Amino acid sequence: QKEVEQNSGPLSVPEGAIASLNCTYSDRGSQSFFWYRQYSGKSPELIMSIYSNGDKEDGRFTAQLNKASQYVSLLIRDSQPSDSATYLCAVLTGGGSNYKLTFGKGTLLTVNP
Amino acid sequence: SAVISQKPSRDICQRGTSLTIQCQVDSQVTMMFWYRQQPGQSLTLIATANQGSEATYESGFVIDKFPISRPNLTFSTLTVSNMSPEDSSIYLCSPELAKDNQQFFGPGTRLTVL
């Protein structure tokens with residue numbers, strides 16, 4: 001059973017701080033990794049994707065991948081109250097036409113004004 | 001990314017009845033994925049539907065309970081049959097992977113079974 005594990009939280013940070021979200025995965029063959037943001041009552045929104053080891057930055061978001069440690073993280077700099085949401089880590093497994101996106105249970109982030 | 005719409009956006013149903021959820025995509029896609037998100041839980045893949053063939057179901061999901069249709073390359077339906085309160089969830093459709101293996105979701109159907 002391929003698994004994706006996240007700290008369930010909740011994670012609470014003050015406005016302007018850095019929020020750090022972590023994820024580990026079990027399938028060493030995984031090649032594509034994603035972070036989704038989900039506001040309450042809404043569907044998940046893709047915010048970051050990462051495919052190779054190292055850091056990938058997009059605005060206030062930085063995704064970090066370490067395939068040797070099977071670890072993915074998301075850093076949110078200068079956190080805003082509007083960042084308060086559940087963040088889902090997802091890992092793509094399989095290949096060709098037989099692939100599947102496996103999700104972690106999500107980390108609830110609250111940014112306090 | 002494709003524009004994805006779902007109908008209905010939400011519904012409240014009685015135990016024992018069935019509900020068909022529609023998913024429309026604004027471009028042709030070969031594969032369509034259906035997910036379920038139970039309250040407070042993450043997303044779980046129900047099945048993958050290719051146009052012109054039977055859907056492939058994940059462990060724990062069966063065709064009799066969740067029949068899927070895929071009449072053309074832009075449309076799919078998921079039926080939740082003989083519903084019980086345990087079926088209360090958000091149901092999400094998602095077309096096949098876009099560029100860079102990215103997957104996007106429809107707005108979801110929030111189902112409550114009484």
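Side-chain atoms are counted along with the backbone in the values below, which use heavy atoms only and exclude waters and symmetry mates. In this text, all values refer to a predicted model and were calculated from it rather than measured experimentally. Numbered from 1 within each chain, the chains take letters A, B, ... in sequence-line order.
Side-chain contact check for A/Ser49 versus B/Asp100: every heavy-atom pair is 4.5 Å or farther apart.
A/Arg60 CZ: more than 12 foreign heavy atoms inside a 6.0 Å radius. The number of heavy-atom neighbours closer than 6.0 Å to CD of B/Glu54, taken from other residues, nucleotides and ligands shown, is 12 or below. When the shell of 6.0 Å around CD1 of B/Ile12 is examined, it contains 12 or fewer heavy atoms from other residues, nucleotides or ligands. Within a 6.0 Å radius of NZ in A/Lys105, no more than 12 heavy atoms belonging to other residues, nucleotides or ligands are found.
Across A/Tyr51 and B/Gln102, no two heavy atoms sit closer than the pair OH-CG, 3.7 Å.
We find the CZ-CG distance between B/Phe33 and A/Leu101 to be 8.5 Å, quoted to the nearest 0.5 Å. Separating the OH atom in A/Tyr36 from the CZ atom in B/Phe105 is a distance of 5.0 Å, to the nearest 0.5 Å. Atom OG1 of A/Thr86 sits about 8.5 Å away from atom CD of B/Gln37, to the nearest 0.5 Å.
The contact between A/Gln38 and chain B is made entirely by side chain atoms (from C-beta outward), counting heavy-atom distances below 4.5 Å. Residue contact with chain A, scored on non-hydrogen atoms closer than 4.5 Å, involves the side chain of B/Leu92 exclusively.
Hydrophobic clustering places B/Leu78 together with B/Ile63 (ILVMFWY residues linked when any side-chain heavy atoms are closer than 4.5 Å, directly or through intermediates). With hydrophobic clusters built from ILVMFWY side chains whose heavy atoms lie under 4.5 angstrom apart, A/Leu46 shares a cluster with A/Leu92.
Looking only at distances, a side-chain donor or acceptor of A/Ser43 sits under 3.5 Å from a matching main-chain atom of B/Gly106.
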